Protein chains: 2
Amino acid sequence: MTSTDRVPGSVSEHGPGATAVRPTRQRRAVAAALEAFDDFRSAQEIHALLRDRGESVGLSTVYRTLQTLADADEIDSLRTETGESIYRRCSGTHHHHLVCRSCGATVEVEGPTVERWTSAIAGEHGYTDVSHTLELFGTCRACAGR
Amino acid sequence: MTSTDRVPGSVSEHGPGATAVRPTRQRRAVAAALEAFDDFRSAQEIHALLRDRGESVGLSTVYRTLQTLADADEIDSLRTETGESIYRRCSGTHHHHLVCRSCGATVEVEGPTVERWTSAIAGEHGYTDVSHTLELFGTCRACAGR
DNA sequence: AAGGTAGGTGAGAATCGTTGTCAAATTGGC
DNA sequence: GCCAATTTGACAACGATTCTCACCTACCTT
């Protein structure tokens, strides 16, 4: 690898010797697909959407790209109750989700209270380097009306 | 199905006419296995333990039994970051877990603060019938020392 | 522009946890 | 002991995800 520094397109990783990430057609397509939704979607759904749009991208690539984006915190990912991973574009700041069980409508919520609580609890028990998962599932107003 | 109504499913349910779940050798073995651990274990690990102990129980049965127990809230279940289901005996009251990423040591924690917060948030956004998942992962003191 | 090369792609195979199938075995009530 | 409902377990089937690997492409160097 050469020594010239480069600032690659989308995934925010940089500095000398950092892995280069190339802005390929496929990556742009996946990113665009995420913009088209505003609720959580699975890799397979995104793959299907792209195929229907005529911008077909290999399933492996969709998985890879979503993972890369999620690792870089450029999108949110979470697991449904059935263990499936779903993804969504996100706001960048740390937050959690309130997801409608029936229609998928999602609200991003912030929880300074919870953040404080988790680190307090962790410290209390001598745990370090703590991360947490917190998701709320419920029925939104619209869906409750039926 | 006969005419008498019976309470389906619930594991520790008894009394007249309510015997849908039988205390078989296999179920006792799975329950005993859970007592032997105090951290979370996967169905496969429990299946392996039983096999090694010479109390072999079919894998399907282990899965079924764990699910039944979890549905009846007699054991805790949660999903690891990789989507695998893991189980553990539990205290019965609502609580969350602080799990060591490296050795699996688990602390049950209660969070009245969090419970209040979640219902407040949910109400604020008009969501009803809300459930939540909250798990903490970290490195316990013992593991941090290496 | 040409060439080299590290990174990226995708079709299909492989994995892995989990669930379904169904005949045989067990259980509890009579 | 007999019977019917329940349970079991070997095995197949499944679905999501990851791996493989030959081919492709973006991007740097010349």
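The structure displayed is predicted, hence computed values, not measured ones.
- Residue-to-nucleotide contacts include a donor-acceptor pair under 3.5 Å from the side chain of S60(A) to the base of dG12(C).
- Side-chain contact check for R79(B) versus E135(B): every heavy-atom pair is 4.5 Å or farther apart.
- Atom P of nucleotide dG17(C) and atom CD of E84(A) are separated by 18 Å, given to the nearest angstrom.
- Nearest to the side-chain atoms of S85(A) among the listed nucleotides dT27(C), dT9(C), dT17(D) stands dT17(D).
- Straight-line distance from the OH atom of Y63(B) to the C1' atom of dC14(D): 13 Å, rounded to whole Å.
- We find the OG1-NE2 distance between T133(B) and H96(A) to be 10.0 Å, quoted to the nearest 0.5 Å.
- In summary, the aromatic rings of F40(A) and H97(A) are positioned with their centroids under 6.0 Å apart.
- At dG9(D), none of the side-chain N or O atoms of R51(B) fall inside 4.0 Å of OP1 or OP2 (strictly under the cut-off).
- Q44(B) places its CD atom 6 Å from the C1' atom of dG17(C), with the value rounded to the nearest Å.
- In the hydrophobic clustering of this structure, V109(A) does not group with V99(A); members are Ile, Leu, Val, Met, Phe, Trp, Tyr whose side-chain heavy atoms approach within less than 4.5 Å, directly or through other members.
- To the nearest angstrom, C1' of dA11(C) lies 14 Å from CD of Q26(A).
- Between the base of dG9(D) and the side chain of R64(B) there is a donor-acceptor pair shorter than 3.5 Å.
- Side-chain atoms of R22(A) and base atoms of dA6(C) include a donor and an acceptor less than 3.5 Å apart.
- The residue E45(B) sits apart from the nucleic acid: no heavy atom pair falls under 4.0 Å.
- Using a 4.0 Å heavy-atom cutoff across all strands shown, R79(B) reaches no nucleic acid atom at all.
- Residue-level contact check: T61(B) touches the bases, meaning some heavy atom is under 4.0 Å from a base atom.
- Distance, I86(A) CD1 to dA16(D) P: 13 Å, rounded to whole Å.
- For dT18(D), the OP1/OP2 oxygens have a side-chain nitrogen or oxygen of Q67(A) closer than 4.0 Å.
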